Amino acid sequence: MNLSVDIAGVTMKNPVTTGSGTFGSGEEFSEFVDLSKLGAVTTKGVANVPWPGNSVPRVAEVYGGMLNAIGLQNPGIDVFVERDIPYLKKAGATIIVNVCGKSEKDYLEVVERLADQPVDLLEINVSCPNVKEGGIAFGQDPKALYDITKAVKAKAKQPIIMKLSPNVTDITEMAKAAVDAGSDALSLINTLTGMKIDIERRDFVLANKTGGMSGPAIKPVAVRMVYQVANAVDVPIIGMGGISTAEDALEFIMAGATAVSVGTANFINPATTLEVVDGIKTYMERHQINDINELIGCVK
Amino acid sequence: MNLSVDIAGVTMKNPVTTGSGTFGSGEEFSEFVDLSKLGAVTTKGVANVPWPGNSVPRVAEVYGGMLNAIGLQNPGIDVFVERDIPYLKKAGATIIVNVCGKSEKDYLEVVERLADQPVDLLEINVSCPNVKEGGIAFGQDPKALYDITKAVKAKAKQPIIMKLSPNVTDITEMAKAAVDAGSDALSLINTLTGMKIDIERRDFVLANKTGGMSGPAIKPVAVRMVYQVANAVDVPIIGMGGISTAEDALEFIMAGATAVSVGTANFINPATTLEVVDGIKTYMERHQINDINELIGCVK
Amino acid sequence: MSKENSQIKENCKMSKKQVMAEIIRHTSLSDGIFDMTLKAEEIAKEAKAGQFISVYLNNKSKILPRPISICGIDKEAGTLRIVYRTVGDGTKELSDYKEGEMVKILGPLGNGFTQKDKKAILIGGGIGIPPMLELMKQLDCDKTAVLGYRDSDMFLKDEFEAVGDVVISTEDGSFGTKGNVIDAIKEQGVEGSIIYACGPTPMLRGIKAYAEEMGIEAQISMEERMACGIGACLACVCKSKDVDSHSHVHNKRVCKDGPVFDAREVEL
Amino acid sequence: MSKENSQIKENCKMSKKQVMAEIIRHTSLSDGIFDMTLKAEEIAKEAKAGQFISVYLNNKSKILPRPISICGIDKEAGTLRIVYRTVGDGTKELSDYKEGEMVKILGPLGNGFTQKDKKAILIGGGIGIPPMLELMKQLDCDKTAVLGYRDSDMFLKDEFEAVGDVVISTEDGSFGTKGNVIDAIKEQGVEGSIIYACGPTPMLRGIKAYAEEMGIEAQISMEERMACGIGACLACVCKSKDVDSHSHVHNKRVCKDGPVFDAREVEL
Ligand SMILES: Cc1cc2nc3c(=O)[nH]c(=O)nc-3n(C[C@H](O)[C@H](O)[C@H](O)COP(=O)(O)OP(=O)(O)OC[C@H]3O[C@@H](n4cnc5c(N)ncnc54)[C@H](O)[C@@H]3O)c2cc1C
Ligand SMILES: Cc1cc2nc3c(=O)[nH]c(=O)nc-3n(C[C@H](O)[C@H](O)[C@H](O)COP(=O)(O)OP(=O)(O)OC[C@H]3O[C@@H](n4cnc5c(N)ncnc54)[C@H](O)[C@@H]3O)c2cc1C
Ligand SMILES: Cc1cc2nc3c(=O)[nH]c(=O)nc-3n(C[C@H](O)[C@H](O)[C@H](O)COP(=O)(O)O)c2cc1C
Ligand SMILES: Cc1cc2nc3c(=O)[nH]c(=O)nc-3n(C[C@H](O)[C@H](O)[C@H](O)COP(=O)(O)O)c2cc1C
Ligand code: FES
Ligand code: FES
């Protein structure tokens with residue numbers, strides 16, 4: 001049975017990776033999951049310099065999901081290159097580095113710094129709703145997305161995956177802009193912007209007021225967008241948004257995703273990723289499917 | 001204690017109405033709810049002529065919510081004027097008629113037909129994601145929204161409430177377009193477009209492929225949008241999306257909604273609407289708030 | 001039938017209730033088929049054969065009710081009996097509920113069968129068998145039940161036999177007529193001047209054709225995905241010959257105008 | 001402490017487990033305060049005083065775990081005890097779970113207290129009292145517990161008294177010193193050369209100041225909203241004096257670098 005898939009020339013041994021920001025750089029999950037058995041580890045977003053992130057509370061629970069406004073706290077690319085990449089390499093993981101920034105310059109600095117690193121793919125986060133400058137601004141305007149993609153692609157030594165925001169009117173327009181500018185693959189969806197109010201304190205629950213919604217509740221929106229994008233562009237898609245079971249993952253794959261990320265579900269069960277891999281195998285056995293690639297986009 | 005609120009000169013005796021399409025024209029719910037005790041009854045969308053709606057399956061369950069693609073089945077304005085309005089009038093309800101159409105002409109026909117009817121408010125649905133032509137097209141482009149609003153406003157004898165789609169990049173831009181064109185109030189949100197795939201049959205669950213997502217799962221997105229719109233325009237807002245308890249309703253009110261609609265929750269408990277009214281009263285008593293209007297938009 | 005139907009509707013008026021019902025008895029009848037008795041006096045009081053209830057799950061991630069037909073009504077004990085097959089996550093969860101636990105239900109819903117004083121054939125196929133049992137008990141006339149099973153695992157057969165004649169078909173031929181219920185009717189010479197039926201759509205299609213051929217009335221119970229269960233959301237429509245009373249577009253609501261329809265009224 | 005801390009972390013490595021634990025005992029200790037014992041051998045085996053577990057709810061609409069401190073560890077019986085206050089929907093739901101039911105937990109989490117062989121003052125305030133009990137039992141040295149209650153409803157007091165000296169403060173003055181724990185320490189002349197504490201932030205702030213004044217070490221257990229509970233998501237940070245090991249930005253993770261911190265390390 002073949003479970004391996006190809007994202008822009010990189011082979012993932014199975015279609016399951018981790019949602020950026022929900023899995024750190026893998027170390028904390030290594031007691032629950034053999035990182036070398038994942039399709040890839042997608043790291044928390046890393047910027048050119050350390051970011052302190054937002055004030056607390058940074059998370060809130062909502063019906064069937066959660067809001068987060070971590071604000072991309074990260075140690076910066078120097079520590080990341082020294083500590084996290086060697087760790088992942090040693091663990092035998094295929095590595096997707098998620099890159100964040102506030103300006104084009106920030107992104108390019110990180111991408112250039114990663115040029116000679118043993119990193120397989122770069123996921124460019126232009127869709128974080130939780131930082132004031134940059135980030136999502138690139139992800140909600142096709143022209144801005146085109147420009148940043150073009151700039152990143154020109155410098156990147158690894159294939160690039162633009163990560164799209166669902167907070168847009170037409171996801172296919174964004175996908176086309178990214179692909180036209182050279183994005184080798186696409187990731188979607190990032191979080192939906194949401195808000196929670198504490199009616200007893202009469203105040204926002206999150207210090208940041210709004211946060212990004214993730215978890216099972218957002219899955220139908222994510223599946224719809226993956227389907228739309230798969231039918232609009234011709235690059236591989238990493239689908240995500242609420243995946244917590246193999247059945248969820250298969251929905252994304254059938255909608256057109258070549259690979260999938262497990263995000264928030266890691267907080268519910270830290271072994272979710274490998275359980276999803278196993279569940280996909282079981283499904284394929286039961287339905288006598290020899291190659292996972294047969295399922296990609298099979299629902300039209 | 002004052003529970004009554006004012007929407008464009010119309011007094012609602014309390015801030016709770018019904019989500020269009022989830023309550024029919026009230027009759028089916030009259031065994032569970034005294035319609036005269038609601039702030040208003042908002043009816044299912046009505047067009048100029050009868051619409052058969054979409055093929056079945058029209059609904060699917062998703063985590064914490066549901067998808068629907070009813071496709072605006074409705075008896076057309078003639079039957080509606082003959083049967084539904086007199087029924088609601090007799091029941092003592094404040095009446096908000098939800099109007100749908102495929103073209104500007106369709107909307108105007110309905111609006112003109114309602115001119116001499118004992119209807120309190122018109123809610124104009126330009127955000128139904130489940131019909132191919134019209135509907136959402138008006139709701140995802142500010143220019144188109146402006147034009148249809150202007151045209152409807154010119155003919156309407158009752159105050160109009162444009163109902164906004166959440167499937168947009170910037171909800172405030174849409175809100176401003178509607179208000180600039182004369183919308184007396186705004187309703188939001190309509191459903192988020194979603195999709196569900198049956199991995200056993202390898203097919204879409206809904207005949208329409210996509211459907212509108214509603215229910216508790218969408219609440220954080222709705223609260224966020226109500227907050228954004230309340231801080232961007234100066235007309236009253238009817239907030240909705242996942243409200244099933246008084247606590248939910250109060251979140252919307254504190255975010256800036258003058259009134260709220262209970263939609264999908266009616267399917268879980270047909271008496272939800274009045275239980276929400278009671279719960280709001282209890283909250284106000286406990287917090288010694290004499291006028292619900294004090295709570296509107298109190299969280300900034 | 002439509003006059004009677006609207007009378008039934010009139011009678012039902014003001015009678016639906018949503019209650020927390022205690023599970024009095026919960027057993028497995030056969031592989032994947034469960035038998036649950038619920039204490040729900042107010043609903044039992046009003047319930048008619050052929051009506052259904054909406055069952056809500058305790059799992060808060062699943063918000064829509066599961067429509068399940070009423071298989072038995074005990075007005076004195078104030079209980080309802082339902083028999084269901086585990087097909088998805090919802091019915092699987094339901095099957096885990098223990099006696100003594102509470103479950104939220106809404107009912108009685110729909111129109112139910114319109115009982116006529118005519119020699120009756122009651123047809124049930126698969127999980128469409130349980131909804132016929134209460135009618136079989138109530139009908140006070142000449143009646144034969146024709147039950148279509150997959151194999152010799154014939155749940156509820158005894159209970160039908162206790163109240164009338166029973167004819168069986170099995171798909172694998174392990175008992176009775178090999179084939180479907182129409183095969184059994186023909187092979188075993190079942191006669192009647194009205195059919196009441198519940199089962200999968202292909203079976204109902206066969207019955208509709210058979211009834212037309214024989215020129216007799218057939219009341220068939222239909223299924224469709226539901227949300228409200230009370231006629232308001234227009235989720236559960238089926239195609240009808242006549243314009244429907246609600247939207248005037250040939251779409252009848254299974255939950256309210258049905259689930260029982262005159263076979264001539266609907267397209268299958 | 002940081003060397004020992006990192007040693008504790010090393011020891012914890014490969015030791016966290018997510019298991020379904022049976023509720024062995026579940027009682028109410030006082031108004032809105034519940035006492036639950038869970039069978040969880042693998043976690044009990046590894047657990048240390050001051051660590052916590054993540055408790056997951058059966059209600060599928062609530063996906064995030066509730067962090068609850070370990071109040072008691074019985075390695076032989078393979079059980080963990082937690083004591084919690086119902087403050088929101090999650091803890092209210094938890095309080096409805098019956099003995100014999102299963103609950104999903106992840107643990108042991110966090111660093112726990114670093115036990116020193118010094119005359120110890122153990123301070124607990126309100127629902128911060130239970131996390132001190134296991135430490136009180138384990139510390140094999142001179143020790144006094146200072147427990148701050150709202151009123152004379154003094155849950156767990158007896159159990160502390162069974163293993164050492166106890167000094168009480170109550171907000172309403174109905175027992176012991178009227179006031180807070182620092183008032184009690186001063187009024188009742190409690191002395192020690194190390195403080196271990198858990199309680200509301202204002203109390204911890206007072207303790208930090210008191211320890212600085214006295215020039216003694218204070219290990220305080222902190223709280224923050226969590227998602228992963230294992231240090232990966234960066235939800236639960238507190239401001240630290242030194243750059244943190246993870247992001248080098250003065251943000252320590254309560255779930256992994258804590259919940260116990262040297263009071264000097266953190267801003268409150
Ligand atoms: C009027 C009526 C009476 C019924 N009576 C019985 C009965 O007596 N015994 C019995 O075993 N089954 C009966 N069914 C079918 C029963 O409702 C479904 O098997 C059940 O809803 C499946 O739920 P699930 O969560 O296990 O399946 P899933 O497939 O996981 O359910 C997903 C969603 O689809 C809906 N759904 C799935 N299958 C059906 C279906 N066949 N009809 C309607 N909705 C469906 C569910 O309610 C739920 O909203 C009846 C259906 C109707 C409409
Ligand atoms: C390390 C640690 C140890 C704890 N130990 C205990 C204990 O031993 N006994 C006890 O009664 N309580 C303890 N708490 C507090 C406990 O976690 C909260 O009271 C509980 O999560 C509230 O859940 P809820 O659903 O009832 O409240 P809700 O307010 O409805 O919860 C909503 C969300 O906020 C989170 N949340 C709410 N309050 C807190 C809080 N104070 N800290 C962290 N998250 C919170 C919830 O986990 C949930 O995700 C501890 C907290 C931490 C961080
Ligand atoms: C706590 C948290 C932190 C996240 N941080 C990042 C990030 O740094 N970069 C990024 O591209 N996405 C980030 N995301 C988004 C996820 O990678 C993912 O796109 C989203 O959560 C939807 O998937 P899920 O529902 O499986 O979590 C974060 C999500 C969460 C919940
Ligand atoms: C079955 C169904 C039918 C609906 N029909 C309409 C409609 O006819 N017109 C309209 O404006 N909105 C319609 N809606 C949207 C609701 O009025 C409401 O905006 C949305 O469902 C969000 O609220 P909720 O989460 O409380 O249901 C429909 C929703 C559902 C679930
Ligand atoms: S389920 Fe709503 S009309 Fe039938
Ligand atoms: S809760 Fe995730 S880092 Fe602490």
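All values below were derived from every heavy atom in this structure, side-chain atoms included, with hydrogens, water molecules and symmetry-related copies excluded. In what follows, chains are A, B, ... by sequence order, proteins preceding strands, each numbered from 1. This structure is a prediction, so every number in the text was calculated from the model and none was measured.
Atoms CG and CG, on B:Leu250 and A:Asp198 in that order, are 11.5 Å from each other to the nearest 0.5 Å. In this structure, B:Asp170 CG and A:Asp141 CG are separated by 11.5 Å, a value rounded to the nearest 0.5 Å. Note that the CD1 atom of A:Ile218 and the OH atom of B:Tyr63 stand 13.0 Å from one another [nearest 0.5 Å]. To the nearest 0.5 Å, atom CD of residue A:Gln140 and atom OG1 of residue B:Thr169 are 6.0 Å apart. Taken from OG1 in B:Thr193 to CZ in A:Arg224, the straight-line distance is 4.5 Å, to the nearest 0.5 Å. Here the CG-CE distance, from B:Asp203 to A:Met254, works out to 10.5 Å after rounding to the nearest 0.5 Å.
The minimum heavy-atom distance between B:Met213 and A:Val221, with the atom names listed, is SD-CG2, 4.3 Å. Summarising the geometry of B:Tyr227 relative to A:Met195, their closest heavy-atom pair is CD2-CE, 3.3 Å, with the distance given to 0.1 Å.
When each of A:Ala217, A:Ala255, A:Pro216 is scored by its heavy-atom pairs under 4.5 Å with chain B, the top score falls to A:Pro216. Ranked by heavy-atom pairs shorter than 4.5 Å toward chain B, the options A:Arg202, A:Arg286, A:His287 are led by A:Arg202. Taking chain A as the reference chain and counting heavy-atom pairs below 4.5 Å, the highest number among B:Lys219, B:Gln228, B:Lys209 is found for B:Lys209.
Within residues 261-278 of chain B, no residue approaches chain A closer than 4.5 Å by heavy atoms. Contacts of residues 232-246 of chain A with chain B at a heavy-atom distance below 4.5 Å are absent; not one residue qualifies. Using a 4.5 Å heavy-atom cut-off against chain A, the contacting residues of residues 291-298 of chain B are B:Leu295, B:Cys298.
Interface residue B:Tyr283: only side-chain heavy atoms are found under 4.5 Å from chain A. Interface remark: B:Leu67 contributes side-chain atoms only to the contact with chain A (heavy atom separation under 4.5 Å).
With sequence neighbours excluded, the residues that form a side chain to side chain donor-acceptor pair (under 3.5 Å) with A:Ser4 are A:Asn2.
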